[in-house]
Chemist: 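I am attaching a structure below and will ask some questions about it afterwards.
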There are 2 protein chains.
Amino acid sequence: MHNHYAANTRQHLRVWLKLLKTSGNIEAVLRERLKRECGTTLPRFDVMAALDHHPAGLRMTELSEFLMVSNGNVTGIVNRLAEDGLVERTQDSQDRRAQTVCLSPSGHTEFQHLAKLHAQWIDDIMQPLNVEQSDTLMALLEQLTELEVSS
Amino acid sequence: MHNHYAANTRQHLRVWLKLLKTSGNIEAVLRERLKRECGTTLPRFDVMAALDHHPAGLRMTELSEFLMVSNGNVTGIVNRLAEDGLVERTQDSQDRRAQTVCLSPSGHTEFQHLAKLHAQWIDDIMQPLNVEQSDTLMALLEQLTELEVSS
DNA sequence: CTATATTAGTTTAAGCTTAAAGTAAATATT
DNA sequence: AATATTTACTTTAAGCTTAAACTAATATAG
């Protein structure tokens with residue numbers, strides 16, 4: 001029986017599609033709730049979470065590295081957050097090219113609210129797994145994080 | 001010890017972030033290879049895969065339902081595929097609003113090439129898991145597919 | 001038959017995303 | 001000091017995505 005692929009190519013495809021679907025479904029739920037219940041988006045939430053994690057603020061470049069997105073992308077999201085008064089830009093006094101972005105007071109308050117809801121949603125969604133199961137899931141996913149970086 | 005959340009809220013968050021990251025990493029690899037090696041995108045691939053699966057063709061609305069994206073979205077992707085001669089639109093003779101989209105001969109040839117590469121990439125990425133492990137992963141992901149639909 | 005409602009699909013506005021080009025300031029070289 | 005390079009960031013062009021508005025055709029109701 002000639003078979004140029006590994007014996008379980010089909011199984012691999014099925015698992016990948018399941019992984020993609022599960023992750024996408026959960027992400028869609030989060031996006032939907034952020035929008036409907038909070039009037040915001042996942043990218044905005046991610047930027048605010050990064051800034052909340054760095055109370056001293058971040059440079060635009062640091063922010064884009066932390067979030068692993070392009071710097072042009074960060075420019076747009078920060079622009080919109082700034083328009084809404086949720087983040088503040090401070091010009092660097094040493095380097096006139098640079099600026100530090102941080103949450104405004106109202107942005108901080110708003111994020112605390114968002115983070116609480118977000119944690120509850122995740123907790124709810126992950127409820128079906130007991131501790132042992134989620135450990136197993138972590139370990140299996142961990143194995144997929146290694147190879148795909150190479151080649 | 002007062003704790004208003006379930007005991008493993010933090011663990012739940014960690015697992016979700018791991019799931020999101022793993023899925024996103026793999027998706028990024030696929031996007032990158034589709035672009036660099038094939039000059040195409042994941043949305044285009046998805047549309048072509050759907051059409052390959054339905055040799056008789058699909059209506060625009062059927063396509064958007066099958067892929068679970070908005071109909072306006074499908075319009076744009078099919079437009080670009082049509083510009084490249086990879087799909088063909090056929091006006092429905094019964095209903096002047098409707099049309100059937102299917103892969104062109106060159107689109108079919110092209111997709112066979114893409115699908116082969118795609119399967120090899122997935123096979124490669126999923127290699128670290130043996131059959132038992134991927135069964136376990138499937139089962140765990142399956143549990144997360146149930147609840148999140150509700151509420 | 002006419003008015004209404006539904007259906008198929010496109011267009012538009014807004015945001016997300018990237019790569020590539022551009023701007024301006026700081027640093028390094030000669 | 002003048003030139004070149006690097007760095008920080010923005011802008012642009014293109015594509016993906018959605019919801020909402022829109023167009024046109026079909027189906028339904030009276």
Side-chain angles (χ1 to χ4, degrees), chain A residues 20 24-25 27-36 38-50 57-84 86-101, chain B residues 20 24-25 27-36 38-50 57-84 86-101:
Chain A
L20 179 63
N25 281 163
E27 210 178 313
V29 169
L30 297 179
R31 281 181 199 279
E32 220 272 314
R33 290 185 183 173
L34 278 175
K35 181 168 190 182
R36 263 223 332 234
C38 312
T40 190
T41 66
L42 207 42
R44 287 166 66 108
F45 178 83
D46 290 340
V47 166
M48 292 179 80
L58 286 172
R59 296 264 181 92
M60 293 297 279
T61 297
E62 291 175 323
L63 199 43
S64 76
E65 283 165 358
F66 185 77
L67 296 171
M68 296 193 287
V69 300
S70 67
N71 42 9
N73 189 359
V74 169
T75 295
I77 298 169
V78 168
N79 280 347
R80 287 182 285 274
L81 288 172
E83 276 169 27
D84 295 343
L86 298 170
V87 304
E88 284 165 357
R89 291 171 145 125
T90 311
Q91 274 301 317
D92 188 308
S93 53
Q94 316 292 315
D95 186 337
R96 265 184 291 176
R97 295 166 305 179
Q99 60 189 253
T100 298
V101 188
Chain B
L20 180 61
N25 282 163
E27 210 177 314
V29 169
L30 297 179
R31 280 181 200 279
E32 220 271 314
R33 290 185 183 174
L34 277 175
K35 181 169 191 183
R36 263 223 332 235
C38 313
T40 191
T41 66
L42 207 42
R44 286 166 66 108
F45 178 83
D46 290 341
V47 166
M48 292 178 80
L58 287 172
R59 295 267 181 91
M60 293 298 279
T61 297
E62 290 175 325
L63 200 42
S64 76
E65 281 166 358
F66 185 77
L67 296 171
M68 294 193 287
V69 299
S70 66
N71 43 6
N73 189 0
V74 169
T75 295
I77 298 169
V78 167
N79 280 347
R80 287 182 286 273
L81 287 172
E83 277 169 26
D84 296 343
L86 297 170
V87 304
E88 283 163 357
R89 291 172 145 125
T90 310
Q91 275 301 319
D92 189 308
S93 54
Q94 315 294 314
D95 186 338
R96 264 184 292 177
R97 296 165 303 179
Q99 59 190 252
T100 298
V101 188

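Convention: sequence-line order gives letters A, B, ...; per-chain numbering from 1. Note that the structure is predicted; figures quoted are calculated from it, not measured.
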Chemist: Would you mind reporting whether B:Leu34 and B:Arg44 have side-chain heavy atoms less than 4.5 Å apart?
Modeler: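 The answer is no, as the side chains (C-beta and beyond) never meet within the 4.5 Å cut-off.
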Chemist: My understanding is that only one of A:Asn71, A:Val78, A:Ile77, A:Asn79 makes a side chain to side chain contact (heavy atoms under 4.5 Å, CB included) with A:Thr75; could you say which?
Modeler: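 Considering A:Asn71, A:Val78, A:Ile77, A:Asn79, a side chain to side chain contact (heavy atoms under 4.5 Å, CB included) with A:Thr75 is found only for A:Asn79.
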Chemist: Considering only heavy atoms of chain B and a distance under 4.0 Å, specify the first and last nucleotide of DNA chain C in 5' to 3' order that meet this criterion.
Modeler: C:dT7 to C:dA19
Chemist: Apply side chain to side chain contact (heavy atoms under 4.5 Å, CB included) to the pair A:Glu27 and B:Leu20, showing each step before the final yes or no.
Modeler: CA-CA 8 Å; A:Glu27 210 178 313; B:Leu20 180 61; 3.2 Å; yes
Chemist: Using a 4.0 Å heavy-atom cut-off across all strands, classify A:Arg89 as base, sugar-phosphate, or nothing.
Modeler: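 Counting heavy atoms under 4.0 Å across all strands, the contact made by A:Arg89 is with sugar-phosphate only.
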Chemist: When we call it a touch if two heavy atoms are under 4.0 Å apart, what does A:Ser70 touch: a base, just sugar-phosphate, or nothing?
Modeler: base
Chemist: Out of curiosity, B:Gln91 CD to B:Gln99 CD, how far, rounded to the nearest 0.5 Å?
Modeler: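 It comes to 5.5 Å.
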Chemist: Just jot down the side chain to side chain contact (heavy atoms under 4.5 Å, CB included) partners of A:Arg97, sequence neighbours excluded, or say none.
Modeler: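 In terms of side chain to side chain contact (heavy atoms under 4.5 Å, CB included), with neighbours along the sequence ignored, A:Arg97 is linked to A:Asp95.
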Chemist: Starting from the first five and the last five pairs of the helix from C:dC1-D:dG30 to C:dT30-D:dA1, work out the angle between the resulting helix axes, to 10 degrees.
Modeler: 10°
Chemist: Look at all strands and tell whether B:Leu42 reaches a base, only sugar-phosphate, or nothing, counting heavy atoms closer than 4.0 Å.
Modeler: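 Touches nothing.
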Chemist: Find the distance A:Arg59:CZ to D:dT7:C1' and express it as a whole number of Å.
Modeler: 10 Å
Chemist: For residues 58-68 of chain B, which side-chain donor-acceptor pairs fall under 3.5 Å, sequence neighbours excluded?
Modeler:
| unit_1 | atom_1 | unit_2 | atom_2 | d |
| --- | --- | --- | --- | --- |
| B:Arg59 | NH2 | B:Asp92 | OD2 | 2.7 |
| B:Glu62 | OE1 | B:Arg59 | N | 2.8 |
| B:Ser64 | OG | B:Thr61 | O | 3.0 |

Chemist: Identify which one of A:Leu81, A:Thr41, A:Val101, A:Leu42 satisfies the side chain to side chain contact (heavy atoms under 4.5 Å, CB included) criterion when paired with A:Val47.
Modeler: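 So, applying the side chain to side chain contact (heavy atoms under 4.5 Å, CB included) to A:Val47 and each of A:Leu81, A:Thr41, A:Val101, A:Leu42, only A:Leu81 qualifies.
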Chemist: Mind checking if A:Val69 touches a base, just sugar-phosphate, or nothing, with heavy atoms under 4.0 Å?
Modeler: sugar-phosphate
Chemist: Under 3.5 Å between N/O atoms: give me all the protein pairs with nucleotides 24-26 of chain D, atom names plus distance.
Modeler:
| unit_1 | atom_1 | unit_2 | atom_2 | d |
| --- | --- | --- | --- | --- |
| D:dA25 | N3 | B:Arg97 | NH1 | 3.3 |
| D:dT26 | OP1 | B:Arg96 | N | 3.1 |

Chemist: How many Å lie between CG on B:Asn73 and C1' on D:dA20, as a whole number?
Modeler: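 Answer to the nearest Å: 15 Å.
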Chemist: Nearest whole angstrom, please: distance from the P of D:dC9 to the CG of A:Leu67.
Modeler: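 In whole Å, D:dC9 P and A:Leu67 CG are 14 Å from each other.
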Chemist: Can you sort out the partners of A:Ser70 under side chain to side chain contact (heavy atoms under 4.5 Å, CB included), two or more places apart, ordered by chain and number?
Modeler: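 Applying side chain to side chain contact (heavy atoms under 4.5 Å, CB included) to A:Ser70 gives A:Asn73.
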Chemist: Could you tell me whether the side chain of B:Pro43 reaches within less than 4.5 Å of the side chain of B:Met48, counting heavy atoms only?
Modeler: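 Contact flag for B:Met48/B:Pro43 side chains = no.
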